[in-house]
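Counting convention: from 1, in listed order, for ligands and their atoms alike.
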Amino acid sequence: MKRISALFLVLTFLVALSGTGFAQGIGGTDHDFSGQGWSSGQICAVCHTPHNSDVSVADAPLWNHEVTAATFTPYSSTTLDATVGAPDGISKLCLSCHDGTVALDNFGGTTGGTNFVTGDQLIGTDLSDDHPVSLTYDAALATADAELFNPTSTNSGLGGTISADMLFGAKLECGSCHDVHNGAGVGKFLRKSNAGSALCMTCHDK
Ligand code: HEC
Ligand code: HEC
Ligand code: HEC
Ligand code: HEC
């Protein structure tokens with residue numbers, strides 16, 4: 001009897017732990033579609049394939065999901081120093097689900113899917129109300145702005161510099177703040193915790 005209740009306690013504890021959603025890794029997160037009927041139980045295949053990948057987006061890692069063809073309205077402001085154009089690279093991959101124009105189940109050459117991103121997760125094609133992405137963030141931009149850290153010499157707090165840990169070919173993308181695989185396990189797929197605005201102040205000298 002005692003042994004059974006001890007086991008029950010351990011199990012309850014484990015369930016409580018996994019229930020927090022702050023475990024590291026993609027399993028069980030919003031990006032784990034293996035429980036959806038349309039995924040054939042696969043986790044990685046919705047986004048990646050080992051062969052015959054889509055190479056239309058520069059630097060896309062063995063991409064397997066249909067890529068968005070939408071036209072976007074980028075962020076703009078009078079105080080912005082960077083040049084912000086159409087989303088490219090990693091940001092375009094994220095928007096291939098998060099702009100709401102491409103079905104989640106359109107991967108591996110399949111089209112005609114019927115499941116779309118909704119609610120708070122829908123970023124849409126109007127990016128004028130979102131943090132700018134697909135911009136070159138280098139030492140020159142930091143100097144021009146005067147309130148940005150130099151990304152090539154400032155530590156990100158993740159082991160190396162901002163450039164090495166958070167930029168993609170010197171560009172700031174969705175993946176600068178987010179890790180699609182939930183590597184840090186801090187919620188919202190953030191690359192590091194934003195407690196006390198720590199994520200923001202990694203780059204902004206405020
Ligand atoms: C929801 C889409 C999505 C899923 C699911 C996904 N990935 Fe990724 N993966 C991406 C994106 C986007 C990038 C590029 C951004 C980055 O590197 O952070 C990437 C990058 C990578 C990279 C290269 C960069 C790195 O982080 O090492 C590898 C390797 C990788 N993924 C492996 C996997 C494996 C293995 C799985 C399944 C367990 C998986 N991914 C599931 C979207 C996904
Ligand atoms: C294959 C489609 C797909 C791709 C590609 C994808 N996502 Fe998602 N993502 C989703 C879906 C679907 C959800 C929401 C699931 C739900 O709750 O309905 C989601 C949820 C999220 C969330 C909310 C997580 C939370 O805890 O609230 C964030 C943040 C996010 N994605 C960021 C990204 C970023 C950044 C990228 C690119 C690096 C990306 N996603 C690529 C489909 C995708
Ligand atoms: C400068 C950092 C930064 C960039 C760049 C960024 N995000 Fe986020 N994103 C955040 C933070 C921080 C949150 C969490 C906000 C919160 O919890 O209130 C978030 C939340 C989200 C959510 C969840 C929304 C919700 O209310 O649950 C999604 C989806 C998302 N981001 C997708 C994206 C996509 C797609 C891109 C690229 C187009 C992107 N993000 C670029 C910092 C960023
Ligand atoms: C990886 C580095 C990085 C992170 C992390 C980051 N930013 Fe930024 N942010 C930038 C860069 C670079 C610009 C472009 C600045 C410019 O060109 O004037 C920018 C632009 C902005 C702007 C627009 C400035 C303008 O003049 O219109 C605001 C506001 C902002 N960031 C707030 C935030 C907030 C809030 C967070 C945290 C949720 C955050 N940023 C996280 C690098 C970052």
Side-chain angles (χ1 to χ4, degrees), residues 21-22 25-34 36 38-39 42-50 57 59-68 75-84 87 89-100 102-107 113 115-123 128 130-138 140-142 144-151 154 156-158 161-163 165-168 170-183 185-192 194 196-206:
F22 290 131
I26 197 167
T29 69
D30 277 0
H31 285 163
D32 174 0
F33 302 107
S34 59
Q36 308 286 337
W38 49 263
S39 70
Q42 296 285 331
I43 300 182
C44 316
V46 177
C47 294
H48 304 289
T49 176
V57 177
D59 298 329
L62 296 173
W63 201 244
N64 199 33
H65 196 271
E66 185 182 330
V67 172
T68 178
Y75 175 88
S76 71
S77 87
T78 50
T79 49
L80 192 70
D81 299 293
T83 309
V84 182
I90 304 307
S91 301
K92 198 166 181 184
L93 303 181
C94 308
L95 290 165
S96 293
C97 287
H98 284 280
D99 73 0
V102 184
L104 301 173
D105 28 346
N106 283 5
F107 68 98
N115 296 282
F116 292 86
V117 163
T118 54
D120 288 343
Q121 276 82 23
L122 179 61
I123 302 293
S128 64
D130 300 291
H131 192 285
V133 291
S134 299
L135 56 97
T136 299
Y137 175 21
D138 56 10
L141 181 70
D145 187 273
E147 290 184 350
L148 280 172
F149 292 112
N150 180 348
T154 307
S156 69
L158 297 169
T161 61
I162 294 170
S163 301
D165 298 336
M166 303 174 86
L167 304 182
F168 298 81
K171 282 189 140 180
L172 186 155
E173 307 285 2
C174 308
S176 299
C177 298
H178 295 282
D179 175 349
V180 66
H181 310 114
N182 188 36
V186 294
K188 303 276 176 193
F189 296 116
L190 292 178
R191 228 165 240 291
K192 62 188 274 190
N194 199 27
S197 301
L199 172 67
C200 313
M201 291 194 289
T202 304
C203 304
H204 291 279
D205 188 4
K206 296 286 186 204

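Of the listed residues (Ala60, Cys44, Cys47), the one carrying the non-hydrogen atom nearest atom 36 (C) of ligand 1 is Cys44. Comparing heavy-atom distances from atom 15 (C) of ligand 4 across Thr154, Leu148, Asp165, Asn194 singles out Leu148 as nearest. Remark: among candidates Ser77, Ser197, Ser76, the nearest residue to atom 25 (C) of ligand 4 is Ser77, based on non-hydrogen atoms.
In this structure, atom 40 (N) of ligand 1 has protein heavy atoms in its sub-4.0 angstrom surroundings. At a distance under 4.0 Å, a protein heavy atom can be found next to atom 10 (C) of ligand 1. Counting protein heavy atoms under 4.0 angstrom from atom 1 (C) of ligand 1 gives one or more. Atom 21 (C) of ligand 4 is approached by the protein to below 4.0 angstrom, counting heavy atoms only.
Looking at Leu93 against ligand 2, only its backbone comes within 4.0 Å, counting heavy atoms. Of the heavy atoms in Lys188, both backbone and side-chain atoms come closer than 4.0 Å to ligand 2. Contacts of Thr202 with ligand 4, taken as heavy-atom pairs under 4.0 Å, are absent altogether. When heavy-atom distances to ligand 2 are checked against a 4.0 Å cut-off, Phe107 has no atom that comes that close, whether in backbone or side chain.
Contact between Val46 and ligand 1 is absent, with no heavy atom of the residue lying under 4.0 Å from the ligand. Within the structure, the closest approach of Leu135 to ligand 4 falls below 4.0 Å when heavy atoms are considered. Residue contacts with ligand 1 include Ile43, since one or more of its heavy atoms lies under 4.0 Å from the ligand. In this structure, Gly175 has no heavy atom closer than 4.0 Å to ligand 1.
If you check the side chains of Ser163 and Thr161, you find no donor sitting under 3.5 Å from an acceptor. In the model, Asn182 has no side-chain atom that pairs as donor or acceptor with a side-chain atom of Thr29 under 3.5 Å.
For a threshold of 3.5 Å applied to N or O pairs, the pair formed by His181 and ligand 1 contains at least one separation below that value. By the 3.5 Å distance cut-off applied to N or O atoms, Tyr75 is counted among the residues near ligand 4. Of the N or O atoms in His65, none lie within a sub-3.5 Å distance of an N or O in ligand 2. Between Tyr137 and ligand 4, a contact under 3.5 Å exists for no N or O pair. Taking any N or O of Asp145, backbone or side chain, at least one lies under 3.5 Å from an N or O belonging to ligand 4.
Closest to atom 8 (Fe) of ligand 2 among the N, O or S atoms of His31 is NE2. Here the N, O or S atom of His48 that is nearest to atom 8 (Fe) of ligand 1 is NE2.
The distance from ligand 2 to the heavy atoms of Cys97 drops below 4.0 Å at these ligand atoms: 1 (C), 2 (C), 3 (C), 4 (C), 5 (C), 42 (C), 43 (C). Shown in contact with Ile26 at under 4.0 Å from a heavy atom are these atoms of ligand 1, numbered in order with element: 4 (C), 5 (C), 6 (C), 41 (C). For ligand 2, the atoms sitting less than 4.0 Å from at least one non-hydrogen atom of His178 are 29 (C), 35 (C), numbered in the order shown with element in parentheses. Counting atoms of ligand 1 from 1 in the listed order, those under 4.0 Å from a heavy atom of Trp63 are 10 (C), 11 (C), 12 (C), 42 (C). When each atom of ligand 1 is checked for a heavy atom of Ile90 under 4.0 Å away, the hits are 14 (C), 15 (C). Close approach of ligand 1 to Arg191 is summarised as follows: ligand atoms under 4.0 Å from at least one heavy atom of the residue are 18 (O).
Counting only heavy atoms of the protein, atom 42 (C) of ligand 2 lies nearest to Phe33 CZ, 3.6 Å. Of the protein's non-hydrogen atoms, Asp81 N, 2.9 Å is the one closest to atom 18 (O) of ligand 4. Closest protein heavy atom to atom 26 (O) of ligand 4: Thr79 OG1, 2.7 Å. Nearest protein heavy-atom contact of atom 37 (C) of ligand 2 is Cys94 SG, 1.9 Å. At the shortest separation from atom 17 (O) of ligand 4 among protein heavy atoms lies Ala82 N, 2.7 Å. The closest protein non-hydrogen atom to atom 5 (C) of ligand 4 is Leu199 O, 3.3 Å. Protein heavy atom at the shortest distance from atom 14 (C) of ligand 4 is Leu80 CD1, 3.9 Å.
Panel detail: atom 8 (Fe) of ligand 4 has protein N, O or S atoms under 2.8 Å away, 2 in number.
Put simply, His98 gets within reach of atom 8 (Fe) of ligand 2, with an N, O or S atom under 2.8 Å from it.
With a 4.5 Å cut-off on side-chain heavy atoms, Asp165 and Arg191 do not count as touching.
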